[in-house]
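Before any comments, here is the structure.
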Amino acid sequence: MQIPDYLMNRHYDDRYFDVVNAIEEAKHIFFEGTEILNRLSKRSDLAIGETGFGAGRIVIALIDYLEKHNIKDISITYNTVELHPLTTARIRSILEDFRKPAGHLIDKLLNAYDCIDTTKYGWQQMEIQRPFGKIKINLWIGEALDMVNSLSSPCDIWFLDGHGPKKNPDIWRHELLMAIGEKCMTDGLCATYTVAGAVRRSLADAGFMVEQRPGFGGKKAVLKGIKRRFQINAPDNLPE
Ligand SMILES: C[S@@+](CC[C@H](N)C(=O)[O-])C[C@H]1O[C@@H](n2cnc3c(N)ncnc32)[C@H](O)[C@@H]1O
């Protein structure tokens, strides 16, 4: 299938996400993969980390997901990063296909995004109030490893949503995934759409017990990792 031009990130010759069911895809891979509802049934605050903010599709999907599950009185801190920040207008056009199900949420995110300075390296803050509570978005403009290193406390959950490892190996590099392991709570979770062998091995080195889950759409399998107290050595015989 021909990928529409507006979905492509020219820095990596890759799309921001798969436009078919991208909101449902985020729910399956990232929210079910990290058992968000289960976590929120035990506590009212959650710190999430994400590698690559892109067009903010996961944020939109997350708000929609929490609203549909009738959650109340929670507070989410969403730490994310973007090396090549998009303009508000570009994000609007990338998210246009979701206007029908989530137009009001897209407008809220874009109103907040419009007020930050994406030309400055480092943290920028946005806050969105919803009936379930609030979501505070800390967006680091710059390199992912710098963002992870500058986090003052570990996250409960990580969404790893960089471009494909072949298109952008940098965002899956061992050093970065090790740093993410250090900035993840024990028993915290990570999720990603790629099951590439190098990613699985680095996540295992970073202390995650990695398992494959059924995929979504065109993907046969996706990945989930559970952070253990002690490092788990990756088996040497993992297939690619
Ligand atoms: C697949 S897109 C993310 C899509 C996004 N989660 C969404 O759903 O809209 C990956 C993003 O990571 C960014 N990125 C790539 N390498 C990076 C790096 N080293 N540090 C920070 N961001 C990076 C890209 O510019 C791109 O916007």
Side-chain angles (χ1 to χ4, degrees), residues 3-4 6-31 33-34 48-65 78-99 101-102 105-106 109-110 112-113 118 120-124 126 135 137-151 155 157-180 183 190-194 196 199 202 216-217 219 222-223:
I3 300 164
Y6 65 87
L7 269 185
M8 293 296 290
N9 185 341
R10 64 180 170 79
H11 296 282
Y12 303 99
D13 187 29
D14 198 16
R15 60 190 161 190
Y16 283 96
F17 48 77
D18 189 348
V19 78
V20 181
N21 286 332
I23 289 199
E24 292 309 310
E25 179 201 58
K27 292 175 185 174
H28 174 77
I29 299 176
F30 297 108
F31 314 152
T34 55
I48 298 175
E50 176 192 44
T51 51
F53 177 74
R57 177 249 339 200
I58 296 186
V59 177
I60 298 294
L62 177 63
I63 298 175
D64 187 54
Y65 185 72
Y78 196 94
N79 303 299
T80 181
V81 60
E82 183 51 58
L83 187 57
H84 305 288
L86 294 166
T87 62
T88 305
R90 177 82 199 283
I91 295 183
R92 196 182 302 283
S93 66
I94 293 175
L95 296 178
E96 195 51 38
D97 288 314
F98 310 119
R99 184 137 290 280
L105 303 179
I106 295 169
L109 177 65
L110 292 184
Y113 188 81
T118 56
K120 273 197 189 147
Y121 204 89
W123 290 116
Q124 293 286 330
M126 303 173 254
I135 174 160
I137 302 168
N138 300 319
L139 170 61
W140 178 272
I141 306 293
E143 159 58 41
L145 184 60
D146 292 344
M147 172 270 211
V148 178
N149 286 338
S150 88
L151 285 174
C155 296
I157 281 172
W158 278 91
F159 302 150
L160 308 178
D161 193 30
H163 288 293
K166 286 197 179 126
K167 300 274 185 175
N168 183 18
D170 243 26
I171 206 155
W172 304 101
R173 66 195 190 275
H174 192 259
E175 183 189 18
L176 174 57
L177 296 184
M178 291 298 282
I180 287 173
K183 291 284 168 68
C190 72
T192 180
Y193 65 87
T194 177
V199 171
S202 289
F216 185 93
K219 293 180 188 79
V222 294
L223 218 61

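Note that ligands are numbered from 1 as they come in the structure, with each ligand's atoms numbered from 1 the same way. All residue numbers refer to positions in the sequence shown, counting from 1.
Evaluation of the ring pair (Phe, Tyr, Trp, His ring centres under 6.0 Å) rule for F30 yields F159 as partners, not counting sequence neighbours. For F216, the ring pair (Phe, Tyr, Trp, His ring centres under 6.0 Å) criterion is met by H28, not counting sequence neighbours. With sequence neighbours left out, H163 forms a side chain to side chain donor-acceptor pair (under 3.5 Å) with N9, D14.
Taking the charged nitrogens against the carboxylate oxygens, R57 and E50 have no contact shorter than 4.0 Å, which rules out a salt bridge.
Ring geometry, F17 versus F98: the interplanar angle falls from 30° to 60°, so the pair is classed tilted.
Using a distance-only test at 3.5 Å, with no hydrogens or angles considered, a donor-acceptor pair links the side chain of R90 to the main chain of Y6.
Around ligand 1, the residues contributing at least one heavy atom under 4.0 Å from the ligand are N9, Y12, Y16, F17, E50, G52, F53, G54, A55, G56, R57, I58, V81, E82, L83, H84, G142, E143, A144, D161, G162, H163, N168, I171.
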